[in-house]
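Below: one structure, written as structure tokens.
Because the structure is predicted, anything quoted here is derived from the model rather than measured. Computation of the quantities below employed the complete heavy-atom set of this structure, encompassing side-chain atoms and omitting hydrogens, waters and symmetry-equivalent molecules. Each ligand, and each atom within it, is numbered from 1 in the order the structure gives.
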Amino acid sequence: MYGTVLTTERLTPELVRVVLGGEGLADFVPCADTDAYVNAFFVPEGAPYGVPFTDDEIRDLPREQRPFPRRYTVRRWAAETRQLTIDFVVHGDVGMAGRWAQHAQPGDYLQVRGPGGGYAPHDDADSYLLVGDESALPAIAACAEAVPAGRPVLVVVEVGSAAGELTLDSPGDLQVHWVHRDAHDGDPDRLLAETLRTLPRPVGLVSAFVHGEAASVRAVRRHLLVEGIVERDHLSASPYWRRGRTDEEWRTVKSAWQREVEKDVPTGP
Ligand SMILES: Cc1cc2nc3c(=O)[nH]c(=O)nc-3n(C[C@H](O)[C@H](O)[C@H](O)COP(=O)(O)OP(=O)(O)OC[C@H]3O[C@@H](n4cnc5c(N)ncnc54)[C@H](O)[C@@H]3O)c2cc1C
């Protein structure tokens with residue numbers, strides 16, 4: 001499956017919105033989870049194939065010529081027009097995906113597979129807590145739009161500066177707390193967790209979604225479980241990326257990292 005870039009839009013200094021469409025998305029079947037994601041494939045410069053490519057075309061190529069897979073959230077799927085919206089973090093002149101988004105033009109192609117997903121706001125929750133950085137903002141925004149009407153939703157998002165803020169919509173009773181990296185010089189891994197300590201505790205049975213940079217997610221997860229703010233079965237927490245590592249490097253150590261994270265807050269005897 002592949003999409004043709006229809007439009008691109010700079011939402012904030014860190015986020016570029018790309019809307020994909022075209023007949024290459026004819027087989028796209030959406031998924032109900034609010035964190036639905038696709039595997040997108042970024043073709044290195046000079047590779048001897050283009051989009052769309054088949055598995056047979058790339059199987060025997062050297063690693064550096066094969067496409068680089070990256071996961072991206074389905075910010076929106078418009079069923080009527082069959083258009084897929086993805087919001088990409090652009091993080092300097094590094095990263096296959098970030099650079100692709102930074103330079104994407106109408107008419108470019110992006111091959112995708114999926115979607116898959118893992119979280120939807122729990123129906124039985126009294127309130128919702130959605131935490132992350134810009135990489136999780138598409139899923140957080142989709143989740144805020146999908147919560148039951150009137151229930152409290154606390155969103156805590158880390159962005160580079162005030163210019164990184166977006167308007168979020170929700171049928172819930174929405175409170176958004178933006179955390180600006182440029183206003184803090186402490187440990188970046190602890191910024192979100194420390195911020196949560198200063199905010200009112202969410203009420204009742206909480207459904208929580210915590211995603212973004214790995215060490216930051218780990219610190220938030222530990223805080224929420226140790227303080228008994230969220231029950232494990234109502235917590236979705238996973239590391240989308242790791243500071244200082246490419247996705248390839250991160251994937252080689254991610255399982256071991258997640259096993260270590262599990263030990264942070266032991267389950268009962
Ligand atoms: C299920 C899932 C859904 C995701 N959804 C989104 C999404 O909707 N939008 C989105 O932008 N990302 C999303 N991500 C994260 C994205 O896949 C990673 O950030 C990915 O590493 C970006 O690839 P890249 O090629 O740009 O950079 P890489 O080649 O992987 O990394 C190059 C350098 O950039 C750094 N880097 C990577 N990501 C970031 C970042 N976000 N901010 C600052 N530095 C970074 C790395 O640490 C490394 O030093 C999602 C990840 C998962 C697992």
Side-chain angles (χ1 to χ4, degrees), residues 3 8-20 30-31 33-45 63-64 66-77 84-104 110-120 130-145 157-161 164 166 168 179-182 188-189 191-192 209-218 236-255 257-258 261:
T8 69
E9 179 188 0
R10 176 69 77 151
L11 296 180
T12 71
E14 292 104 7
L15 275 180
V16 169
R17 171 161 292 175
V18 176
V19 179
L20 300 162
C31 142
D33 293 326
T34 53
D35 67 344
Y37 62 87
V38 289
N39 285 298
F41 298 91
F42 297 88
V43 178
E45 212 173 314
R63 175 69 213 104
E64 65 277 9
R66 293 212 295 271
F68 286 69
R70 299 282 186 267
R71 288 187 170 174
Y72 278 88
T73 303
V74 174
R75 173 63 187 90
R76 188 171 295 124
W77 169 252
L84 171 63
T85 299
I86 298 178
D87 293 346
F88 291 84
V89 177
V90 291
H91 43 95
D93 203 22
V94 289
M96 292 297 291
R99 277 182 298 140
W100 179 86
Q102 188 150 12
H103 300 292
L110 182 63
Q111 188 140 333
V112 296
R113 195 173 287 160
Y119 174 84
L130 315 176
V131 185
D133 59 24
E134 296 94 339
S135 68
L137 191 47
I140 288 174
C143 180
E145 289 167 6
V157 182
E158 177 190 318
V159 292
S161 67
L166 284 178
L168 303 182
V179 183
H180 302 149
R181 279 188 295 273
D182 68 351
D189 295 348
L191 189 50
L192 282 171
F209 180 82
V210 182
H211 295 257
E213 200 282 328
S216 188
V217 167
R218 182 178 189 169
S236 166
S238 88
Y240 275 179
W241 62 284
R242 177 73 180 111
R243 218 182 308 283
R245 291 185 191 262
T246 66
D247 204 45
E248 282 68 33
E249 293 166 340
W250 172 229
R251 274 183 270 129
T252 62
V253 297
K254 189 171 171 180
S255 299
W257 170 276
Q258 283 173 307
V261 167

Any side-chain heavy atom of [X] sitting closer than 4.5 Å to one from [Y]?
| X | Y | answer |
| --- | --- | --- |
| E145 | T34 | no |
| L166 | V159 | no |
| F88 | E134 | no |
| V253 | R245 | yes |

Quick one: does [X] get an N or O within less than 3.5 Å of an N or O on ligand 1?
| X | value |
| --- | --- |
| P138 | no |
| R245 | yes |
| P239 | no |
| G244 | yes |
| M96 | yes |
| E248 | no |
| Y240 | no |

Top protein contact for [atom], by heavy-atom distance:
| atom | value |
| --- | --- |
| atom 47 (O) of ligand 1 | R242 O, 2.8 Å |
| atom 11 (O) of ligand 1 | V89 N, 2.7 Å |
| atom 6 (C) of ligand 1 | S135 O, 3.3 Å |
| atom 24 (P) of ligand 1 | R70 NE, 3.5 Å |
| atom 8 (O) of ligand 1 | T73 N, 3.1 Å |
| atom 16 (C) of ligand 1 | R71 O, 3.8 Å |
| atom 22 (C) of ligand 1 | Y72 OH, 3.3 Å |
| atom 19 (O) of ligand 1 | W241 CB, 3.6 Å |

Closest approach of G117 and D33, non-hydrogen atoms and distance?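 G117 and D33 have their closest heavy atoms at C-OD2, 3.1 Å.
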Return the minimal non-hydrogen interatomic distance between V157 and L192, and the atom names on each side.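 Smallest heavy-atom distance, with atoms named: C-CD2, 4.4 Å.
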Does a side chain donor of either S135 or H211 reach within less than 3.5 Å of an acceptor in the other side chain? no
Distance (rounded to the nearest 0.5 Å) between L191 CG and S216 OG: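 OG of S216 is found 7.0 Å from CG of L191.
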Whether F42 and Y72 hold their rings parallel, tilted or perpendicular, with breakpoints at 30° and 60°: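 Rings of F42 and Y72: perpendicular, as their planes differ by over 60°.
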CZ of R243: more than 12 outside heavy atoms within 6.0 angstrom?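 Yes, enclosed.
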So does R70 get a backbone contact from the side chain of D247, meaning a donor-acceptor N/O pair under 3.5 Å? no
Considering only NZ, NE, NH1 and NH2 on the basic side and carboxylate oxygens on the acidic side, decide whether E213 and R218 come within less than 4.0 Å. no
Which of the numbered atoms in ligand 1 are below 4.0 angstrom from a heavy atom of [X]?
| X | result |
| --- | --- |
| F88 | 11 (O) |
| A97 | 23 (O), 24 (P), 25 (O), 26 (O) |
| D247 | 21 (O), 28 (P), 30 (O) |

Classify the contact between R243 and ligand 1 as side chain, backbone, both or neither, using a heavy-atom distance cut-off of under 4.0 Å.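 For R243, the contact with ligand 1 is made by the backbone alone.
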Which option out of D87, I86, D35 puts a heavy atom nearest to atom 9 (N) of ligand 1? D87
